Enquirer: 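Following this message is one structure expressed as structure tokens.
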Protein chains: 2
Amino acid sequence: MLNDISRFRRFSRAVTSEVGALDHSFLGRGRPLGAARVLNAIGHGRTDVAAIRAYLGLDSGLMSRLLRSLEEEELIELSAGPDDGRKRQAVLTPAGEAEFAIYEHLSNERAEKLLSSHAHPQALLDAMDLIASALGRDRWSFEEVDPRSEVALQCLEQYYAELNRRLEAGFDVKLSADPDAESMMRPKGAFFVTLSDGMPVGCAGLKGTDKGYAEIKRLWVSPAARGLGLARKLMAETEEAARQLGIKVLRLDTNKALPEAVNFYRKEGWTEIDRFNDDPYPDYFFEKLL
Amino acid sequence: MLNDISRFRRFSRAVTSEVGALDHSFLGRGRPLGAARVLNAIGHGRTDVAAIRAYLGLDSGLMSRLLRSLEEEELIELSAGPDDGRKRQAVLTPAGEAEFAIYEHLSNERAEKLLSSHAHPQALLDAMDLIASALGRDRWSFEEVDPRSEVALQCLEQYYAELNRRLEAGFDVKLSADPDAESMMRPKGAFFVTLSDGMPVGCAGLKGTDKGYAEIKRLWVSPAARGLGLARKLMAETEEAARQLGIKVLRLDTNKALPEAVNFYRKEGWTEIDRFNDDPYPDYFFEKLL
DNA sequence: TGATTTATCTGACTTTAGTCAGGTAAATTG
DNA sequence: CAATTTACCTGACTAAAGTCAGATAAATCA
């Protein structure tokens, strides 16, 4: 374990110096870091002054002064909030957009340089996803979305690709009993995605049926977010939705090529039952009474 | 590529906030960050004031004041350098050791917490090694060492383990023509390791013989540091040593289970020759004239 | 409607970080 | 050995970050 920690700390030193170098390049724009951070927060779409303050952890007095200095530079414009005149809204002026673009360029440039100088950039990005997901595990947001929405499709695409990779016979969603979107939306069912700092890292569908039970479908966790207990949380979220909808019996099926999934359902208190559908893919069938 | 960059920047945000949180926990000790950093540098064995100054990038005036404040807290003691009375040496007092231990604990605690809360900590550490190596690629140090030294053995152990994993018949160093240490040390030969922030990430041996040629042996790059051009640099270092020793002909052998190595030698201007030894493992034989 | 809460602003302040121009004493050079 | 260089120290300064106690105006509550 001691050696593990020294590896962790070597990583810490490396990223600390990288973060410091980026800060230093930001200072090259002739503006204190605090002001640069506020400008960038606004550029990234945070218009609500209170939200920026919370995000950057700034004192209200300090925030006020930083906004003033950006205003004097004519990089931002402040206005009263539309429904609450106390809450101020900040937007970039054209000059602010230009300045923000330069900061973006500085950031992107470092990213591109590192990625393009590596012979295996995808491996590097996978490693980054893994670490970012582990560091961000206590900032997950669970959102109920339309299963046809952009984020949902991003999850499902990766889910299908993984099934196709791992199932002996491959996987073609058209051959499977693909639930239609309405069955996974209120009032019949629900569909959840988990976002980790904006990146979709997991999903789960609750498919209502008229057969006296509902099904859990499309439970998927991104490889980068595995081992963090996300599946359990997604499952809890989905079961809660089922209870709200008055559902008493949950069922699901899975494949023998996914042993960790089979294991997970057993550990989570599901009981194995007989085949309850004629979908060609599943080998295992589970049930849980709510 | 745009999506790659957004993944990179998600990683950046995650580690920035992690770095910030650690700094914040350091501030909880009631000492400004600058002083804490100096104390920690001394605790980690940097006694030379000039070295600390270079490492932390501090102005001499600021450094002097930070040392003074730590001295007033009776956490460190300064003395004149043994051979140069201008260079000051800093060491921790017992109270300083105690305070340093607390900072260490804060750092290690975060590391342990993250690692132990993850189901696959080794995957996380591999990811960290990969990223730390990529970020630290312009701070490699090449050192000529005794092939029996600790760092050399660390490299060789991993090298043998990988051969054993990848070669069809496995690999037992005792069955191979294991060069004795003297043949890879001056004046016969040389042995190099590459350190990346203290971690050995690669090695290469130059084995002198009395047969009119010298051999490149044990060229290895850690998986975390592959794709960064390290093998080429190690090779250049080794060839330079060979030239210094007046060697005119270099030879090496390798195995068909290591296609990237075979590829590398071809690309680096080596010419394939007939088998020149009776070692059971190699399938390919190369030569290069200096 | 008057009292209270909330979001932001202002002024006065402290601490930390960082810069710069000399100064001192040890070491090195010609 | 005198002149110069080097490593560190000191004092005087500036800028940035952060804190805190009111002030103000909009929103909400009783």
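Here is the naming used below: chain letters follow the sequence lines, and residue numbers restart at 1 for every chain. Atoms considered below: every heavy atom in the structure, side chains included; atoms not considered: hydrogens, waters and symmetry mates. Predicted, not measured: the structure shown is a model, and the values here were computed from it.
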Enquirer: Could you go through the salt bridge (charged side-chain N to carboxylate O under 4.0 Å, His left out) check for K87(B) and D48(B) one step at a time?
Expert: CA-CA 7 Å; K87(B) 293 185 179 170; D48(B) 213 10; 5.2 Å; no

Enquirer: Calculate the interatomic distance between L33(A) atom CG and dA15(D) atom P; express it in whole Å.
Expert: 17 Å

Enquirer: Test side-chain contact (heavy atoms from CB on, under 4.5 Å) on R139(B) and D197(B) and set out the steps.
Expert: CA-CA 7 Å; R139(B) 288 187 297 276; D197(B) 190 18; over 6 Å; no

Enquirer: Are F191(B) and T238(B) packed together at the side-chain level, in the sense that at least one heavy-atom pair is separated by less than 4.5 angstrom?
Expert: no

Enquirer: If you draw the axis of the six-membered ring of Y55(A), does the NZ or CZ of R46(A) fall within 45° of it and under 6.0 Å from the ring centre?
Expert: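 So R46(A) does make the cation-pi contact.
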
Enquirer: Could I get the full list of salt bridge (charged side-chain N to carboxylate O under 4.0 Å, His left out) partners for E109(B), not counting sequence neighbours?
Expert: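 With sequence neighbours excluded, E109(B) shows a salt bridge (charged side-chain N to carboxylate O under 4.0 Å, His left out) to no residue whatsoever.
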
Enquirer: Over how many whole Å does the gap from D23(A) atom CG to dA17(D) atom C1' extend?
Expert: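 For the pair D23(A) CG and dA17(D) C1', the rounded distance is 14 Å.
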
Enquirer: Anything under 4.0 Å to a heavy atom of chain B counts; send over the first and last such nucleotide of DNA chain C, read 5' to 3'.
Expert: dT16(C) to dA27(C)

Enquirer: Okay, side chain of S149(A), backbone of V145(A): is any donor-acceptor separation there less than 3.5 Å?
Expert: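 Answer holds: no.
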
Enquirer: Which distance, rounded to the nearest 0.5 Å, do you find between the CD of E239(A) and the CD of E237(A)?
Expert: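 Separation between the atoms: 11.0 Å.
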
Enquirer: Does any non-hydrogen side-chain atom of L75(B) lie less than 4.5 Å from one of F100(B)?
Expert: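 When only atoms from C-beta onward are counted, L75(B) and F100(B) do not touch, as no gap falls below 4.5 Å.
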
Enquirer: Treat primed atoms plus P, OP1 and OP2 as sugar-phosphate and everything else as base, then score nucleotides 20-30 of chain D 5' to 3': B for base contact with protein heavy atoms under 4.0 Å, S for sugar-phosphate contact only, - for none.
Expert: B-----BS---

